[in-house]
Amino acid sequence: MVDESRGPVLLLLHGMGATGEVWLPWAPLLERRWAGRWLAPDLAGHGWSPPLPAYSFAALAERLTATLGRDDRLVVLGHSLGGVVGIALAARSAGLPVDAVVGLGIKAVWSPAELAKAAELAARPVTWFATRDEAARRYLRVSGLAGLLAPDHPVVDGGLRQVDGRWRLAMDPAAFAVGEPDLPALLAATDAPVLLARGEHDPMVSDAQLKELAVPVATLPGLGHNAHVEDPAAVLALVDEFR
C-alpha cells in the first residue's frame with residue numbers, strides 16, 4: 001500500500017551517455033524546493049550500473065524497477081533517453097505508483113541515417129585513452145555536455161573509469177543500440193500524466209513533433225537540449241504541479 005501522507009520521491013533520469021552525477025549540481029536547489037526525497041540512479045550500462053545483455057527501453061525500465069520501493073510515490077523527470085525510460089516506468093503493467101512523468105528533450109523522430117549511426121556506435125569496441133583529460137573530452141561529446149561542463153568538473157568523474165593506467169568511458173557502447181522509441185505506444189500504455197518539454201533551441205526535437213503526440217508540451221525559452229544543465233531552476237519548475 002502506498003503511504004499517501006508522504007510527498008512523492010523525485011526520480012531524476014539522465015540521458016544517453018551521461019550518468020546520475022549530472023543531477024548532483026541540483027542538490028542545493030532540491031534542498032530548497034523539493035520537500036521529499038530524490039534519487040538520481042545510473043541507467044543500465046552507464047556509470048556504475050552493470051550493462052544489459054541487450055538494450056531496450058523496457059529492459060532499462062525493468063532494471064530500474066527492481067531498485068525502486070513499491071511504497072514510494074514517484075514523480076519522474078527524465079532527460080532524453082531518461083525521459084523515454086520514465087514513460088516506460090509509468091506503464092500500467094509496471095505496477096509502480098508513478099504520479100507523473102516529465103520528459104525533457106526526448107528525440108521523437110529518427111531518420112534511417114540516424115538509426116544507422118547509432119547502430120554503428122553500438123558495434124564499436126571500447127576506446128581507451130592515455131590520459132583522463134582525453135577521456136573526459138570524449139565523455140563530454142558523447143553525453144552532449146561539451147561546452148556546458150569543463151573536463152575537470154566533478155560530474156565528469158562518474159562517466160570515466162581508470163584501469164591499469166588507461167582511461168575509458170564508463171558507458172557500455174552497446175547502449176547506443178536501444179533504438180527509436182515508439183512514443184505513441186508508450187504513452188498509450190500509461191494512465192499517469194505526462195508532460196513533454198524541450199529547450200527552445202534544442203535541435204533534436206521540435207514543438208510540432210511533440211504536439212503530434214497529443215500530450216501537454218512545454219517549451220523553455222532560450223535553452224537547448226541539456227536544459228537541465230543550463231537552467232536547473234527552470235526545469236525543476238516543470239514538476240511543481242505534481243509535487
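Source: prediction; values computed, not measured. Hydrogens, waters and symmetry mates play no part in the numbers below; they use all other heavy atoms, side chains included.
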| Nearest heavy atoms of Phe57 and Gly179, plus distance in Å | CZ-O, 3.5 Å
| field | Non-hydrogen side-chain atoms of Arg132 and Leu160 separated by less than 4.5 Å | value | yes
| Under 4.5 Å between any side-chain heavy atoms of Val85 and Val76, yes or no? | no
| said: Apply salt bridge (charged side-chain N to carboxylate O under 4.0 Å, His left out) to residues Arg138 and Glu134 and explain how you reach the verdict. | reply: CA-CA 6 Å; Arg138 174 64 66 86; Glu134 291 175 291; over 6 Å; no
| request: Would you name the heavy atoms of Leu68 and Leu74 that are closest together and state the gap between them? | output: CD1-CD1, 3.9 Å
| Pro41 side chain near Leu13 side chain, heavy-atom distance below 4.5 Å | yes
| Should the heavy atoms of other residues, nucleotides or ligands under 6.0 Å from CD of Glu212 be counted, would the total exceed 12? | no
| Greater than 12 external heavy atoms within 6.0 Å of Glu62's CD | no
| task | Taking all heavy atoms of Asp42 and all of Gly20, pick out the closest pair and write down the distance. | result | OD1-N, 2.8 Å
| note | Grouping ILVMFWY residues whenever side-chain heavy atoms fall under 4.5 Å, the cluster of Trp110 otherwise contains Leu115
| message | Can you confirm whether Leu145 sits close enough to Tyr139 that some side-chain heavy atom of one is under 4.5 Å from a side-chain heavy atom of the other? | response | yes
| message | I'd like to check Arg198 versus Met204 (side-chain heavy atoms, cut-off strictly below 4.5 Å). Are they in contact? | response | no
| task | Could you check if a side-chain atom of Leu196 sits within less than 4.5 angstrom of a side-chain atom of Val205, using non-hydrogen atoms only? | result | no
| request: If a pair satisfies salt bridge (charged side-chain N to carboxylate O under 4.0 Å, His left out) and one of its residues is in residues 83-96, list it, with sequence neighbours excluded. | output: Arg92-Asp191
| Of the options Leu77, Val75, Leu236, which is the one that meets Val102 in a side chain to side chain contact (heavy atoms under 4.5 Å, CB included)? | Leu77
| task | Would you mind reporting whether Leu11 and Leu89 have side-chain heavy atoms less than 4.5 Å apart? | result | yes
| said: Less than 4.5 Å apart, side chain to side chain, heavy atoms only: is that true for Val156 and Pro151? | reply: no
| field | Nearest non-hydrogen partners of Ala175 and Met16, listed with the distance | value | O-CE, 3.4 Å
| task | Determine which pairs satisfy ring pair (Phe, Tyr, Trp, His ring centres under 6.0 Å) with at least one residue from residues 30-53, sequence neighbours left out, and list them in order. | result | His14-His46
